[in-house]
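Just so it is clear: chains get the letters A, B, ... in the order the sequence lines come, proteins before strands, and each one is counted from 1.
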Amino acid sequence: MALARAERQGIRVDLDYCERKKEHLTKKIQHHNKRLEQTKLYQLWHKIYKGKTNIHSNQQLARVLYKAMKITPPKLTESGEGSTDEAALSQIDEPGLQWILKIRKLNKIRDTYLAAFTRDQYQGYLHPSFELHNVRTYRSSSSNPNFQNIPKRDKEAMRICRRALLPRPGHQLLEADFASIEVMISACYHKDPTMLKYLKDKKSDMHLDMARQIFILDELDRSKAAHALLRQAAKNGFVFPQFYGDYYANNAASLCDWVKLNQNGAWKPGSGITLPGGIPMADHFRDRGIKSYQQFLDHMKGVEDDFWGNRFRVYSNWRESWVSKYRKKGQLQMLTGFECSGELKRNEIINYPIQGTAFHCLLFAFIELDKIRMEEGWKSALIGQIHDSIIMDIDPEERDHISNVLKTIVKEALPKAWPWIIVPLDIDLDAYEVDAAWLK
DNA sequence: GGAACTCGCCAC
DNA sequence: AAACGTGGCGAGTTCC
C-alpha cells in the first residue's frame, strides 16, 4: 500500500525541457551521423549492405569489423559472437567507431529516458510502478518508466536525464540512503568478528586496509588523491566483487584498469598511475618483487587466500555452511522469514539472502515513514525507492522533522522489530535545492 | 504483425 | 566446486 501511494503521488516532469532536449539531441546525432558517413569504415559498410545499411545494427557492425576487415574480436558475447559493446570497440583502433559510440550514447539518453518521460507522463507527472513479485531475491523492480536506472555515473547523461525531474513547486527532492546496508546485513548472517569490528568501529576502514595489502603500501592517507583512488580501486575492484562471488583473476584485471597497468606481460618502468612522491605504480611494484601481470596475478591469489582464510574466516565458513544447508534442504530461509527454492547456483545462494534482507530493511523504513506521514498529515510525499534509498518530494519546512523521524525508524524501531539486526544501521539524507531538478 | 530472442547499457 | 548478484528496456533480428 505504501508503494501504491508513492506511485499515485508521482514525480513532476519538465515536459517543455524534454521536448527541447530531444530535438537538440536529434541534431547532435545527425551531426555525428554525417561525420561517421565520411569514414572508411562506413564506406565499406555501405558497400556490403547497400540500401540495408543500418548503423544501429550491431550484427552488421560485427560482420564489417570481424569478417570484412578481418579484425580479431577483442571479446565475445554470451553466445560466442564477436562483441560490439563499448569495451570491445574501444580496443579497436578504427576511426569511425568513436562516432558509433557517441551516437549510441545520445540515442540511449533520448530514446530510453527522455522519450519514456514524455510517453509515460500524465498531466505532467510520472507514475512509475514499483513491484514486489518479479525479483527472485525479494528485491523490487520498477517500470513504466523504470525509476531505478536513471543515469548517475556518466555526468553528461546524468545531467541531461535528471534535469527533467522536478519537485512540486516550492518543494525540494530528498534522497535517504541506507549506509552500507548489504555489508551490514551480511554481518547479521555470518557474524564474523573482524567484519563486526569494521562495522562498529568508525575509525577502522576495511577498504583502506585492503588497499594497503593489495598495493603493498603501509602509509595510506585518504586525503591524498592517489591514495583515495587506490581505496576506490580496492573497494570496487576487489572487496565488493569478492562479496558477490568473484575471484582473484577477474579482480587482478579490474585493478589494473584502475591503476592503468598492462594486463599482459612485463610492466614498463614509469607506467601506471603516479603515487604521492612521484613514483609510478609499476616502479613501486617492481621494488616489491612484482614486475609483470603474471606476478601480480600470483600476488592477488595470495590476497584472496588471506581475505577468506584469515581476515574473514568466519564469513567464509558461513558461506560454506549456508551452501551445504541449501543443498541439503533445497531451500533457503532469510532472517525475515522469506524463502527461496528452486535450482540455485553457489553465488546465488550466498547473495540472495543478503540482497533480499537488505531491501526488506528499506521497505520497513518506507512503510513506517509513510504511516507517520499520513498520521501527521505532511505536505511532503514519498515518491519512489531505489533498493537502498527512499526518494521524497518535501516541503522545506518539514525537512528537519522528516530527518528525525527517519533516523528514529532506522536506529530504533527497525532493530527493535527485528532483533537479529546486530549492527548499527544508519540512513544518510541528501536534499536538493528548493525548486531545483534532480541534480547538483 | 506479434512473440521471443540477442545484444547492449542504465541502476543498485 | 566455481568463476560477480538483481532487474527494465530499446533496437535489431528471427520465427511463425
Side-chain angles (χ1 to χ4, degrees), chain A residues 49 52-63 75-89 100-101 103-116 119-120 128-154 156-158 160-162 175 177-178 180-183 185-186 236-254 301 304 308 319-320 323-324 327 340 344-359 362 384-389 391:
Chain A
Y49 284 95
K52 290 190 174 166
T53 305
N54 179 353
I55 60 154
H56 304 295
S57 166
N58 291 324
Q59 198 179 66
Q60 290 186 12
L61 176 57
R63 277 181 207 149
K75 61 180 278 201
L76 301 179
T77 68
E78 185 63 38
S79 71
E81 301 294 320
S83 170
T84 59
D85 68 10
E86 187 179 2
L89 297 191
I100 296 277
L101 290 172
I103 291 166
R104 250 190 213 168
K105 185 180 153 185
L106 298 183
N107 265 315
K108 175 92 177 168
I109 296 169
R110 185 190 62 182
D111 298 340
T112 301
Y113 296 104
L114 298 182
R119 185 188 61 232
D120 294 341
S129 297
F130 295 101
E131 300 183 314
L132 296 172
H133 64 285
N134 293 322
V135 183
R136 278 154 45 101
T137 61
Y138 295 102
R139 260 198 190 176
S140 64
S141 66
S142 170
S143 60
N144 305 305
N146 183 348
F147 187 63
Q148 296 177 322
N149 75 344
I150 297 168
K152 188 168 190 176
R153 287 162 203 158
D154 181 302
E156 187 192 10
M158 184 274 279
I160 296 173
C161 297
R162 297 193 176 216
E175 285 176 33
D177 294 41
F178 268 96
S180 311
I181 188 68
E182 288 199 358
V183 180
I185 293 305
S186 81
N236 296 321
F238 180 78
V239 177
F240 283 160
Q242 283 284 337
F243 288 162
Y244 281 131
D246 203 0
Y247 83 124
Y248 72 93
N250 287 338
N251 301 150
S254 168
K301 170 87 172 80
E304 182 187 83
W308 293 113
R319 286 175 164 217
E320 298 322 311
V323 170
S324 347
R327 290 191 174 152
C340 284
L344 300 182
K345 290 184 248 179
R346 178 199 154 84
N347 284 348
E348 294 170 335
I349 300 163
I350 59 179
N351 278 312
Y352 282 17
I354 296 166
Q355 197 178 95
T357 306
F359 174 66
L362 183 283
Q385 152 275 128
I386 314 178
H387 308 305
D388 68 351
S389 69
I391 319 297

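- Put simply, N134(A) has a side-chain N or O that comes within less than 4.0 Å of OP1 or OP2 on dG8(C).
- Contact annotation for Y248(A): no contact, since no heavy-atom pair falls under 4.0 Å across all strands.
- At a threshold of 4.0 angstrom between heavy atoms, the contacts of S140(A) with the nucleic acid are absent.
- Side-chain atoms of R139(A) come within donor-acceptor range of the base of dC12(B), with a qualifying N/O pair under 3.5 Å.
- Looking at Q355(A), its side chain comes within 3.5 Å of the base of dG5(C) through a donor and an acceptor atom.
- Side-chain proximity of N146(A) to dG7(C), dG12(C), dC4(C): nearest is dG7(C).
- Between R346(A) and the phosphate of dA3(C), there is no side-chain N or O to OP1/OP2 separation shorter than 4.0 Å.
- Two residues are said to be in side-chain contact when any heavy atoms from C-beta on lie closer than 4.5 Å; L132(A) and S140(A) meet this criterion.
- Backbone-only engagement by K152(A) is indicated by non-hydrogen atom pairs under 4.0 Å involving sugar-phosphate atoms exclusively.
- Proximity of R119(A) to the phosphate of dG10(C): a side-chain N or O atom is located under 4.0 Å from OP1 or OP2.
- Phosphate proximity of dC9(C) to T112(A): absent, as no side-chain N or O sits under 4.0 Å from OP1 or OP2.
- Using a 4.5 Å cut-off on side-chain heavy atoms (C-beta onward), Q355(A) and H387(A) make no contact.
- For P151(A), the side-chain atoms get nearest to dC10(B) when compared with the rest of dA3(C), dC10(B), dG7(C).
- Side-chain nitrogen and oxygen atoms of Y352(A) include at least one within less than 4.0 Å of the OP1 or OP2 phosphate oxygen of dT6(C).
- Stacking annotation: Y244(A) is stacked on the base of dG5(C) (ring centroids less than 5.5 angstrom apart, interplanar angle below 30 degrees).
- Between S83(A) and dC7(B) there is no side-chain N or O to OP1 or OP2 distance below 4.0 Å.
- At the heavy-atom level, P241(A) lies under 4.0 Å from base atoms of the strands shown.
- Side-chain N/O atoms of K108(A) and base N/O atoms of dC9(B) include a donor-acceptor pair closer than 3.5 Å.
- Taking only side-chain nitrogens and oxygens, N54(A) comes nearer than 4.0 Å to OP1 or OP2 of dG12(C).
- Distance from the side chain of I386(A) is smallest to dC12(B) among dC12(B), dT6(C), dC4(C).
- N347(A) has no side-chain polar atom (N or O) that falls below the 4.0 Å cut-off from OP1 or OP2 of dT6(C).
- At a threshold of 4.0 angstrom between heavy atoms, the contacts of E182(A) with the nucleic acid are absent.
- In terms of phosphate contacts, S141(A) brings a side-chain nitrogen or oxygen within less than 4.0 Å of OP1 or OP2 of dG8(C).
- Atom OH of Y113(A) and atom CZ of R162(A) lie 9.5 Å apart (nearest 0.5 Å).
- At a threshold of 4.0 angstrom between heavy atoms, the contacts of R153(A) include nucleobase atoms, whether or not backbone atoms are also involved.
- C161(A) is listed as a side-chain neighbour of I109(A), based on a closest heavy-atom distance under 4.5 Å.
- A 4.5 Å side-chain heavy-atom check between N351(A) and E182(A) finds every atom pair outside the cut-off.
- Which of dA3(C), dA11(C), dC7(B) sits closest to the side chain of T84(A) comes down to dC7(B).
- Using a 4.0 Å heavy-atom criterion, one finds that N107(A) contacts no nucleic acid atom at all.
- If you check every strand for non-hydrogen atoms under 4.0 Å, N351(A) touches sugar and phosphate atoms only.
- H56(A) places a side-chain heavy atom less than 4.5 Å from the side chain of I103(A).
- Between N58(A) and dG12(C) there is no side-chain N or O to OP1 or OP2 distance below 4.0 Å.
- Between S79(A) and dC7(B) there is a side-chain N or O to OP1 or OP2 distance below 4.0 Å.
- The existence of a salt bridge linking E86(A) and R104(A) is excluded, since no basic side-chain nitrogen approaches an acidic carboxylate oxygen closer than 4.0 Å.
- E81(A) comes within 4.0 angstrom of sugar-phosphate atoms only, judged by non-hydrogen atoms across all strands, and of no base.
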